[in-house]
**Student:** 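Please find one structure pasted underneath; my questions will follow.
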Amino acid sequence: MPEIRVTPLGAGQDVGRSCILVSIAGKNVMLDCGMHMGFNDDRRFPDFSYITRNGRLTDFLDCVIISHFHLDHCGALPYFSEMVGYDGPIYMTHPTQAICPILLEDYRKIAVDKKGEANFFTSQMIKDCMKKVVAVHLHQTVQVDDELEIKAYYAGHVLGAAMFQIKVGSESVVYTGDYNMTPDRHLGAAWIDKCRPNLLITESTYATTIRDSKRCRERDFLKKVHEAVERGGKVLIPVFALGRAQELCILLETFWERMNLKAPIYFSTGLTEKANHYYKLFITWTNQKIRKTFVQRNMFEFKHIKAFDRAFADNPGPMVIMPGYCVQGTVGHKILSGQRKLEMEGRQVLEVKMQVEYMSFSAHADAKGIMQLVGQAEPESVLLVHGEAKKMEFLKQKIEQEFRVNCYMPANGETVTLPTSPSIPVGISLGLLKREMAQGLLPDAKKPRLLHGTLIMKDSNFRLVSSEQALKELGLAEHQLRFTCRVHLHDPRKEQETAMRVYSHLKSVLKDHCVQHLPDGSVTVESILIQAAAHSEDPGTKVLLVSWTYQDEELGSYLTSLLKKGLPQASS
Amino acid sequence: MDDAINILQNEKSHQVLAQLLDTLLAIGTKLPENQAIQIRLVDVACKHLTDTSHGVRNKCLQLLGNLGSLEKSVTKDGEGLAVRDVQKIIGDYFSDQDPRVRTAAIKAMLQLHERGLKLHQAIYNQACKLLSDDYEQVRSAAVQLIWVVSQLYPESIVPIPSSNEEIRLVDDAFGKICHMVSDGSWVVRVQAAKLLGSMEQVSSHFLEQTLDKKLMSDLRRKRTAHERAKELYSSGEFSSGRKWGDDAPKEEIDTGAVNLIESGACGAFVHGLEDEMYEVRIAAVEALCMLAQSSPSFAEKCLDFLVDMFNDEIEEVRLQSIHTMRKISNNITLREDQLDTVLAVLEDSSRDIREALHELLCCTNVSTKEGIHLALVELLKNLTKYPTDRDSIWKCLKFLGSRHPTLVLPLVPELLSTHPFFDTAEPDMDDPAYIAVLVLIFNAAKTCPTMPALFSDHTFRHYAYLRDSLSHLVPALRLPGRKLVSSAVSPSIAPHEDPSHQFLQQSLERVYSLQHLDPQGTQELLEFTIRDLQRLGELQSELAGVADFSATYLRCQLLLIKALQEKLWNVAAPLYLKQSDLASAAAKQIMEETYKMEFMYSGVENKQVVIIHHMRLQAKALQLIVTARTTRGVDPLFGMCEKFLQEVDFFQRCFIADLPHLQDSFVDKLLDLMPRLMTSKPVEVVKILQTMLRQSTFLHLPLPEQIHKASATIIEPAGESDNPLRFTSGLVVALDVDATLEHVQDPQSTVKVQVLYPDGQAQMIHPKPADFRNPGPGRHRLITQVYLSHTAWTDVPLPSPNPGDGAWCWGSFFLAVLQQLLTRRLSPGRQDAAVSEALSPIDQVPDSASLAVSS
């Protein structure tokens with residue numbers, strides 16, 4: 001029985017270190033290779049020893065696919081390819097390929113330089129790892145080998161985020177990565193065609209949330225910033241994820257432009273600045289507005305937003321600063337967590353006089369969005385990853401209820417096996433097809449049609465040919481198989497008369513068949529022969545001899561059953 | 001056709017077959033009357049429906065759609081064929097294996113509907129199945145078909161699958177189309193969103209569902225921001241927004257009760273308005289507008305969403321939603337928090353958006369005095385930020401004041417900064433912000449008699465000044481203690497309208513009835529009436545169009561009469577060559593005026609056009625006679641005569657239906673004598689014409705219902721600017737042009753900008769269609785850039801040539817808006833006879849700008 005096996009090494013009933021193994025029709029694919037934010041020990045990376053204890057991973061994996069550049073989806077890549085050892089292809093989209101090394105380098109710096117970890121991957125390893133990457137375009141079908149092909153779909157979420165369809169023969173799996181079904185200020189919405197995969201592996205971060213309109217959120221945000229700036233205040237916006245920073249930049253930039261505001265906006269140098277360089281290049285991956293505006297100017301060439309310099313900190317007047325993520329232990333983090341008094345170096349105590357407000361600008365699909373995507377792709381079954389178990393439970397129940405498909409939510413290391421019934425392509429000879437088509441009346445897609453032919457299986461390919469051709473090819477002589485059947489009829493009249501009656505009866509019943517009365521007294525219906533003879537013992541009973549070939553089995557058996565019912569009484 | 005059908009029978013190639021069917025379709029559509037041919041063609045199409053190529057089947061279905069007989073059951077017993085029910089045949093192909101054929105089948109069905117065949121209700125179910133088709137063009141067409149069926153059978157009942165309930169078909173269809181708003185293809189989404197707007201019969205329960213979205217956070221019910229805002233408003237608190245988690249979810253929800261996939265209409269507009277494609281968002285806003293116009297309760301509900309759209313990222317969407325809001329503003333009252341969001345848009349840097357918003361505020365209902373105050377403050381802020389918006393803001397405040405007198409009343413002391421005990425400083429009269437405040441107050445005071453008591457002395461003085469200088473913004477007030485001058489005026493303003501209209505009617509009737517007065521008396525009466533009408537037009541802007549139109553007509557008549565009074569008619573022709581100047585000038589002027597009448601007014605109906613053409617014909621006759629008398633020799637006359645007779649003939653052909661109304665007129669008599677004229681010599685023709693012209697009576701010009709004079713006002717560049725425009729010869733300079741066009745039909749194709757250079761050279765510029773804005777009915781705004789370029793002048797005397805830097809400048813800049821109001825009632829034969837004249841100058845650019853008409 002063919003089957004698809006899925007084992008999450010990470011992100012099974014959990015958020016972080018996404019890594020899912022998929023075996024489909026003998027091919028093994030690893031989806032994402034992320035790290036976990038919550039751990040600093042070995043648990044931060046997926047347990048690759050699950051794949052093989054000794055020997056190189058290359059022998060066991062056909063390819064690795066990275067959905068987008070967030071570290072929980074690509075953070076373990078250098079460790080996996082360089083330290084554990086993998087030389088096969090790694091697929092990702094062009095923007096991911098460009099931005100991924102920046103994030104990995106940043107991650108490495110924090111781990112090694114700040115936390116002082118040893119035995120961590122080096123910069124050279126990141127470079128070597130990126131050399132193994134094969135970049136793909138949206139909707140481009142990439143042949144990994146003769147049978148395995150992958151295709152990327154737009155996923156929103158961050159620049160270059162993609163959903164991947166993995167297809168072998170007629171079996172397919174779609175992995176969504178992280179995606180967003182509502183468009184935002186710089187990205188469009190995720191979209192997939194009705195590809196009807198056997199399995200859809202979807203993230204479920206917001207399995208139990210239905211979000212409010214993004215417009216209210218944006219309006220609130222802009223209003224708060226605008227008010228503070230109008231009062232002459234300074235606004236600090238710490239943003240967690242790369243991508244969200246750009247979103248807010250675009251939001252503020254367009255608002256400044258629209259409202260003709262003059263206050264300066266700064267964003268932190270470093271990561272955001274470097275990534276922004278690539279945002280300028282991949283305009284095709286952004287939303288309609290930015291693509292349209294590109295004709296006049298690149299919206300990522302900010303007019304009002306500049307890189308921040310520490311010297312600006314004490315500048316008078318209003319300004320907006322986006323300092324980037326506040327790591328635990330920093331002043332920023334303390335303020336965010338609600339401390340009203342801060343102890344500075346030198347035992348100086350500062351009172352926090354600033355107002356702190358919280359806003360959520362998440363780029364994940366909410367429950368409705370997930371359902372919408374499932375509806376779009378029409379999968380045979382769904383598998384949930386990248387979410388909390390309790391929330392998944394709810395969504396699983398909903399999916400099963402609404403779409404009537406199986407839904408799975410394996411934990412890490414747990415394997416889900418999915419039996420599939422792949423369709424087997426059979427070649428049909430054109431002559432046969434045309435001949436059979438000509439027999440039918442109107443085409444009707446809903447009704448199955450009976451087709452006579454011979455199936456030849458030869459070197460694992462299947463052909464359907466007409467029986468004559470099959471005989472010729474195989475060099476066999478044709479044998480005829482005839483069925484004969486005797487039907488007893490109680491009829492005192494002569495044989496000829498009985499034959500006559502049978503003829504008129506059949507003629508009246510079988511209107512659309514050719515019924516003939518031959519001069520020798522027998523009756524033919526198409527190629528079926530009916531002869532009447534007197535019973536040897538009982539002259540009152542006539543024996544009807546019905547004979548038909550194998551090909552006419554349907555009509556022949558119908559005819560006998562008809563005759564067995566007896567002839568209608570003559571009207572006279 | 002026979003050939004085509006014959007070839008069709010033997011043809012093997014699918015492409016040729018398809019083309020042949022196309023030919024047959026063309027033949028069939030050319031002969032809509034011939035039933036036999038149609039039946040035959042339909043038969044041919046049915047025969048080829050089983051073809052294996054999609055192209056052939058496509059064409060067959062197209063043929064069926066276009067030619068399939070409308071009467072059901074055209075039985076043809078002779079051939080033993082069963083009833084050819086075209087709908088059934090086409091319906092069978094809804095499940096064809098090729099999506100292109102499916103689309104063609106649906107299109108054919110729609111075509112049948114367009115031709116007036118009533119579709120069966122059974123199609124509805126078939127179409128519903130097609131909504132989940134794999135191909136977008138099929139779904140898009142199916143949505144259309146469902147819409148059509150829902151309009152045909154809105155009230156019939158359909159069962160809901162998987163339950164015993166039944167609902168109206170239109171509701172069911174509405175739900176289904178709503179579902180398509182979240183389709184995967186944006187083409188389908190646009191289609192669905194557009195169609196939603198026209199489903200007005202849908203019940204309010206379903207309608208309100210479209211705005212419904214239950215929020216949830218970790219399986220707890222969460223209120224939407226809209227709900228929270230409403231609650232805060234009703235509880236009297238203002239949103240602090242400072243607490244972490246003031247939007248924290250409250251009650252737990254039952255997991256079973258949550259519906260993640262909306263059945264039917266739920267949240268359709270919520271999705272549509274958040275779509276990634278702006279085309280879908282615009283379509284959704286339009287649909288929202290149409291539905292809200294027909295349902296006040298829905299209007300109230302959709303307000304929050306529309307207000308949200310004011311912050312869309314694409315300007316077109318913002319503009320569209322502001323316009324939409326204006327259209328439904330009769331049904332709604334803005335809450336304070338909504339007003340806040342609306343007013344925030346006033347700071348937008350786009351002029352279009354701000355002006356649209358001013359228009360919106362003109363007709364908005366505000367619920368509280370704080371709202372009014374807020375609006376005023378924001379408008380004043382806008383004024384300081386964008387001083388060019390001055391006029392628009394004043395106008396906006398005028399309406400805001402007159403709509404909310406009671407809300408303005410408590411604000412007056414604060415606004416005028418008066419103090420009960422102390423006199424305050426007199427504000428600067430030229431401050432636009434102060435004028436804005438006064439405009440608001442004075443307009444509110446119009447219907448609020450207690451308000452003037454709060455005014456201080458200087459306010460009254462300022463009132464007098466503003467009433468004079470900005471009379472269109474400041475109404476007449478009944479002020480206590482003031483001289484009765486103003487109070488005498490004010491009562492006469494309101495009831496003035498009817499009598500003035502009566503006066504117009506009476507004076508015109510007087511003219512028409514007194515036809516047989518002595519020539520002197522007629523002339524005087526006409527002169528007085530024209531003068532009256534002109535004055536009336538100036539006083540009463542609503543009647544200006546009618547008055548001007550009538551006055552022009554009377555002037556033509558007057559000119560004609562004067563011309564005919566000339567002495568020259570009594571004297572032998574050759575002696576008075578010079579005298580005829582006056583008559584020929586009159587003829588020319590009448591022609592001009594008639595062209596103006598025909599093309600410069602909107603709302604001119606056919607009956608007026610007849611009269612105008614009749615007048616022109618008379619002028620031409622006059623011209624002919626004058627020429628006949630002043631020229632020697634017969635040859636040129638011969639040609640002119642012929643031409644004139646052609647014109648008469650043309651007149652007869654064009655206005656054959658109206659001839660009975662022209663009893664006793666010039667043309668009536670002329671047509672009686674037509675056979676004689678055709679055969680006579682030119683000299684005789686002229687003689688006949690002369691007598692007829694003198695005998696002809698004066699035709700009554702029926703007044704059209706709605707007539708407005710088309711006009712254009714150039715706001716920018718202002719005439720007589722102190723700064724002459726300088727540019728280097730040979731290079732290009734861009735000049736911003738801002739003009740308001742009133743009552744111009746289809747300005748995109750008819751309005752051109754003409755630049756007159758000092759050397760007399762004229763350049764026509766055709767503005768882009770996108771440069772025209774339509775801020776209100778009958779009004780257009782042209783904001784465009786005109787590129788000027790010229791080589792150096794050598795032979796034109798220039799005011800201050802500056803040869804040093806090679807630049808040239810001149811005192812006044814010439815610019816004209818040319819309206820080309822073409823082809824409306826002209827037959828093709830007449831178009832080449834072009835006439836173009838310069839018309840009266842426009843107010844703002846008195847000397848240099850002119851309005852020209854060409855036909």
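Residue numbers start from 1 in every chain, and the chains themselves are labelled A, B, ... in the order their sequence lines are given, proteins ahead of strands.
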**Student:** Between B/I314, B/D308, B/I353, which shows the greatest number of heavy-atom pairs under 4.5 Å with chain A?
**Tutor:**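 Sorted descending by pairs with chain A, the first entry is B/D308.
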**Student:** Select one option (side chain, backbone, both, neither) describing which atoms of B/D312 are under 4.5 Å from chain A's heavy atoms.
**Tutor:**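 Answer is both: backbone and side chain atoms of B/D312 are under 4.5 Å from chain A.
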**Student:** Are B/K381 and A/E230 ion-paired here, with the side-chain N under 4.0 Å from a carboxylate O?
**Tutor:**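 Yes, charged N to carboxylate O under 4.0 Å.
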**Student:** Is any NZ, NE, NH1 or NH2 atom of the basic residue among A/R185 and A/E247 found under 4.0 Å from an Asp or Glu carboxylate oxygen of the other?
**Tutor:**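 Salt bridge between A/R185 and A/E247, a charged N being under 4.0 Å from a carboxylate O: no.
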**Student:** Measure distances from A/N287 to the heavy atoms of chain B and classify the residue's part below 4.5 Å as side chain, backbone, both or neither.
**Tutor:**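 Answer is side chain: those atoms of A/N287 sit under 4.5 Å from chain B.
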**Student:** Are the aromatic rings of A/F361 and A/F221 close, with centres under 6.0 Å apart?
**Tutor:**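 When the ring centroids of A/F361 and A/F221 are compared, they turn out to be within the sub-6.0 Å range.
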**Student:** Checking heavy atoms, do the side chain of A/T254, its backbone, both or neither come under 4.5 Å from chain B?
**Tutor:**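 Neither part.
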**Student:** Ignoring hydrogens and geometry, is there a side-chain-to-backbone donor-acceptor pair from B/K385 to B/S349 under 3.5 Å?
**Tutor:**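 Side chain of B/K385 to backbone of B/S349: no pair is present.
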**Student:** Below 4.5 Å from any heavy atom of chain B, which atoms of A/E378 appear? Answer side chain, backbone, both or neither.
**Tutor:**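 A/E378 has no heavy atom closer than 4.5 Å to chain B.
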**Student:** Within the 3.5 Å criterion, strictly below it, is a donor on A/D184 or A/T182 matched to an acceptor on the partner's side chain?
**Tutor:**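 A/D184 vs A/T182: no donor-acceptor pair found between side chains.
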**Student:** Assess whether a salt bridge exists between B/R102 and B/D96, defined as any Lys/Arg side-chain N lying under 4.0 Å from an Asp/Glu carboxylate O.
**Tutor:**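 Salt bridge flag = no for B/D96 with B/R102.
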**Student:** When you measure from the side chain of B/R281 to the backbone N and O of B/M309, does any donor-acceptor pair fall under 3.5 Å?
**Tutor:**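 Pair absent, no side-chain N/O of B/R281 close to backbone of B/M309.
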**Student:** Using non-hydrogen atoms only, which part of B/N382 is less than 4.5 Å away from chain A: side chain, backbone, both, or neither?
**Tutor:**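 Neither part.
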**Student:** Could you tell me which portion of A/R196 (side chain, backbone, both or neither) has an atom closer than 4.5 angstrom to a non-hydrogen atom of chain B?
**Tutor:**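 Side chain of A/R196 only, per the 4.5 Å heavy-atom cut-off to chain B.
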**Student:** Examine whether an atom of B/Y386 lies under 4.5 Å from a heavy atom of chain A, and if so say whether it belongs to the side chain, the backbone or both; otherwise answer neither.
**Tutor:**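 When you check distances to chain A, only side chain atoms of B/Y386 fall under 4.5 Å.
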**Student:** Checking heavy atoms, do the side chain of A/K194, its backbone, both or neither come under 4.5 Å from chain B?
**Tutor:**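 Side chain only.
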**Student:** If I measure from the heavy atoms of chain A, does B/R318 come under 4.5 Å with its side chain, its backbone, both, or neither?
**Tutor:**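 The side chain, not the backbone.
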